[in-house]
Undergrad: 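Dropping a structure here in structure tokens format, bear with me for questions.
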Amino acid sequence: MASSPYYLTTPIYYVNDRPHIGHAYTTLACDVLARFHRLDDREVHFLTGTDEHGQKVEKSAILAGKDPQTFTDEVSQNFRNLAGDMNYSNDDFIRTTEERHNQAAQAIWRAIKDNGHIYLDSYAGWYSVRDEAFYAESELTKNEDGQKIAPTGAEVEWVEEPSYFFNLSKWEEPLLEFYEKNPDFIGPESRRNEVVSFVKGGLKDLSISRTSFKWGIPVPDDPDHIMYVWLDALTNYLTAVGYPDTKNPDYLKFWPADLHMVGKDIVRFHAVYWPAFLMAAGLPTPKRIYAHGWLLNKGEKMSKSLGNVLLPEDLVSKYGLDPVRYYLLREVPFGNDGYISHKTMVSRINSDLANDIGNLAQRSLSMIAKNCDGAVPTPGAFTESDEALLSSARNVIDTARNEFNRQAFHRGLEAIWAVVGDSNRYVDAQAPWELRKTDPDRMATVLYVLAETIRHLGILIQPIMPDAAAQLLNQLSVGVDARTFIHLGPGHALTAGAPLPKPAPVFPRYIDEEVPI
RNA sequence: GGGCCCGUAGUUCAGCUGGUUAGAACGGACCGCUCAUAACGGUUAUGUCGCAGGUUCGAAUCCUGCCGGGCCUACCA
């Protein structure tokens, strides 16, 4: 199998906020894909980072009594820390305030401009000084004096400022053709429909510079203008692979990106503006954008005002890191909005992890420890049931790969857990505790089949639960260099007689503190 | 206003290029087992497949309308 490079990105997160569960969710999905593809022997480049420019950041910095750079240094660090807390394996962490990014952003501007797609005009609209924002005519209401006011109640005035424009309106046809030729460019399907209908509805030229604030990347040759934050931000995906040096080995290897993972709120920027910018600059477009849904706290959108925002560090300290990673990707069909709650979390931890896979490993390994001299048992000839279980363990990678490749994590996990179910049924059917008395050789074979199945499960769950998987594989004395997907299958099966450490439970049950009467 | 998605067992969902008695998981009930983290296995669904029409030999699955939920987007004033 050809092992092609794989480049995937999270959005860069806006530094105006603390990392919450939504940020953790997006990056988690990418982390799982990154680990998955590495195990599939691909060279992976996994990028995340922070978006640090813009008027809001400038304003927040001033409020905090800091200069913008100091302010963003601090907030960006919170996002870096999240990577540690969640065991993310990103290969790079980009900040839009870095010099390499300044170079890239200016370079793409020049490329677009040189190709004739940028022009200078003036931007006009209803502007609220208090809100520092433009409002559409339709958003405005009038107060008793007949003065137009913003939805926030602030007074607005008609202002015009000089601005550079990107001729987005010219890209309507090329974009529609691009979507047509690349049916997998946007996932899931419902988002794709939205984007296509948005573009079909007509595109207006896009204002891509501002003169009203300073905290951003200056427009080349016209430093009174600051680049529009989205053009700035999106370009980070190029910066990280060495652009504008298109001879850079990373650029040659990794661009165009295989996947930009985004939340559903920023699909338009990634699925419309970004490919248009790239086409205008004469650069290749990414292969896929995937927009996932929101995690809802018991049905309510999390928001600061509702005070129901879940913080990743709180979940992790309460339930443990790997269980949280598993839960988030198993419970909610990726791409849909979904509810998360303590109740369903505990249910997943106890039934899927502790009862199903955890107990499977523990019951199997402790029988081996007690009855096989603490070593990999020596199997005899395999029966039909043995082969059936082994082949389900060996083949599930194909399903997992297909599902993960279309970001259907919950489906991939479901397929892996079907093997767990098969294994538990197999234990019951074979009843090795009976065989111990009647047919020890057969018992050894059954226990060997179980150990070998668990080896597969351990390898397969590494992307989702790296630590727990490692513990499982350690308990089978699987070498750290024998844990990739290449090692699935009979060719790398456990060696009979290899000594095994004393087994210990890997997935503890979660017991609620509050004891019901 | 236009568009997209959704409404299926107590719960979360699958099925939806139309075709035997509508499925899974979790929860509940009953039974079995005792290797194991009181875990595992088996059996168990009186579900109006949102409502009402229509097409068809036959619809959860296609069409129309309505009700309810979500999302994208436009505009009048």
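Per chain, numbering begins at 1; letters A, B, ... match sequence-line order. Atoms considered below: every heavy atom in the structure, side chains included; atoms not considered: hydrogens, waters and symmetry mates.
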Undergrad: Where the side chain of A:N359 is concerned, which of B:C26, B:C35, B:A39 is the nearest nucleotide?
TA: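 Given the options B:C26, B:C35, B:A39, the side chain of A:N359 is closest to B:A39.
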Undergrad: Choosing from B:U37, B:C35, B:C72, which nucleotide comes nearest the side chain of A:M367?
TA: B:C35
Undergrad: Select base, sugar-phosphate, or nothing to describe what A:R425 touches, counting heavy atoms under 4.0 Å on all strands.
TA: sugar-phosphate
Undergrad: Using whole Å, report how far CG of A:L360 lies from P of B:U37.
TA: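 Rounded to whole Å, this separation is 13 Å.
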Undergrad: Out of the candidates A:D314, A:T26, A:L315, A:L28, only one should pair with A:I21 under the side-chain contact (heavy atoms from CB on, under 4.5 Å) rule; please name it.
TA: A:L315
Undergrad: Whole Å only: how far is the NZ atom of A:K437 from the C1' atom of B:C35?
TA: 10 Å
Undergrad: Mind checking who B:G1 pairs with, Watson-Crick or G-U wobble, both distances under 3.5 Å?
TA: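 With both distances under 3.5 Å, B:G1 matches B:U73.
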Undergrad: Nearest whole angstrom, please: distance from the P of B:G69 to the CG of A:L296.
TA: 16 Å
Undergrad: Can you confirm whether the side chains of A:H20 and A:Y13 place a donor and an acceptor under 3.5 Å from each other?
TA: no
Undergrad: Any base atoms under 4.0 Å from A:E189, or only sugar-phosphate, or nothing? Heavy atoms, all strands.
TA: nothing
Undergrad: Whole Å only: how far is the CH2 atom of A:W433 from the P atom of B:C35?
TA: 8 Å
Undergrad: Checking contacts here: which listed nucleotide (B:C72, B:C35, B:C26) is nearest the side-chain heavy atoms of A:S366?
TA: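 Given the options B:C72, B:C35, B:C26, the side chain of A:S366 is closest to B:C35.
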Undergrad: Without hydrogens or angle criteria, can the side chains of A:D386 and A:T383 be said to hold a donor-acceptor pair below 3.5 Å?
TA: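 Yes.
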Undergrad: Both distances under 3.5 Å, Watson-Crick or G-U wobble: report the partner of B:A14, or none.
TA: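 In the structure as shown, B:A14 has no Watson-Crick or wobble partner.
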Undergrad: What is the separation between atom CZ on A:R348 and atom P on B:A24, rounded to the nearest whole Å?
TA: 16 Å
Undergrad: Looking only at the side chain of A:S190 (C-beta and beyond, no hydrogens), which of the listed nucleotides B:A36, B:C4, B:A14 gets closest?
TA: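 Within the option list, the nearest is B:C4.
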Undergrad: Using a heavy-atom cut-off of under 4.0 Å over every strand shown, decide if A:G201 touches base, sugar-phosphate, or nothing.
TA: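 Nothing, no nucleic acid heavy atom in range.
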Undergrad: For A:N193 and B:G2, give me the distance from atom CG to atom P, rounded to whole Å.
TA: 18 Å
Undergrad: Indicate, with a heavy-atom threshold strictly under 4.0 Å, whether A:R411 touches base, sugar-phosphate, or nothing.
TA: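 Counting heavy atoms under 4.0 Å across all strands, the contact made by A:R411 is with sugar-phosphate only.
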Undergrad: By nearest atom, which of the nucleotides B:C26, B:U37, B:C35 is closest to the A:S347 side chain?
TA: B:C26
Undergrad: Please tell me which of the listed nucleotides, B:G41, B:G3, B:C71, lies nearest to the side chain of A:D428?
TA: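 Side chain of A:D428 sits closest to B:G41.
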Undergrad: At 4.0 Å (heavy atoms only), tell me whether A:V446 reaches a base, stays on the sugar-phosphate, or touches nothing.
TA: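 Touches nothing.
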Undergrad: If you assign each of A:N336 and A:P505 to its closest nucleotide in RNA chain B, which residue comes earlier from the 5' end?
TA: A:N336
Undergrad: If B:U64 has a Watson-Crick or G-U wobble mate with both distances under 3.5 Å, name it; if not, just say none.
TA: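 Matched B:U64 with B:A52 under the 3.5 Å cut-off.
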Undergrad: Roughly how many Å apart are B:G18 and B:A36, using the C1' atom of each and rounding to a whole number?
TA: 48 Å
Undergrad: Starting from C1' on B:A74, measure out to NZ on A:K204 and report it in whole angstrom.
TA: 9 Å
Undergrad: Could you tell me whether A:P432 contacts a base, only the sugar-phosphate backbone, or nothing, with contacts defined as non-hydrogen atoms closer than 4.0 Å?
TA: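 Nothing, no nucleic acid heavy atom in range.
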Undergrad: Mind checking who B:G28 pairs with, Watson-Crick or G-U wobble, both distances under 3.5 Å?
TA: B:U44
Undergrad: Which distance, rounded to the nearest 0.5 Å, do you find between the CG of A:L310 and the CD1 of A:I340?
TA: 5.0 Å
Undergrad: Check every strand shown and say whether A:D356 touches a base, only sugar-phosphate, or nothing at a heavy-atom separation below 4.0 Å.
TA: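 Answer is sugar-phosphate: A:D356 comes under 4.0 Å of backbone atoms only.
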Undergrad: Can you see which heavy atom on A:R442 is nearest to which on A:A381, and at what distance?
TA: NH1-O, 4.3 Å
Undergrad: Can you find a side chain N or O atom of A:K370 that sits less than 4.0 Å from OP1 or OP2 on B:A36?
TA: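 For B:A36, OP1 or OP2 has a side-chain N or O of A:K370 closer than 4.0 Å.
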Undergrad: Could you check whether A:S423 and A:T453, counting side-chain N and O atoms only, form a donor-acceptor pair closer than 3.5 Å?
TA: no
Undergrad: From the set B:G15, B:A36, B:C71, return the single nucleotide nearest to any side-chain atom of A:Q362.
TA: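 The answer is B:A36.
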Undergrad: To the nearest angstrom, how far is A:I368 atom CD1 from B:A36 atom C1'?
TA: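 Roughly 13 Å, once rounded to whole Å.
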Undergrad: For a quick test of reading the model, state the closest non-hydrogen atom pair linking A:P275 to A:H270 and the distance between them.
TA: CD-O, 3.1 Å
Undergrad: Does A:N355 put a side-chain nitrogen or oxygen below 4.0 Å from OP1 or OP2 of B:C40?
TA: yes
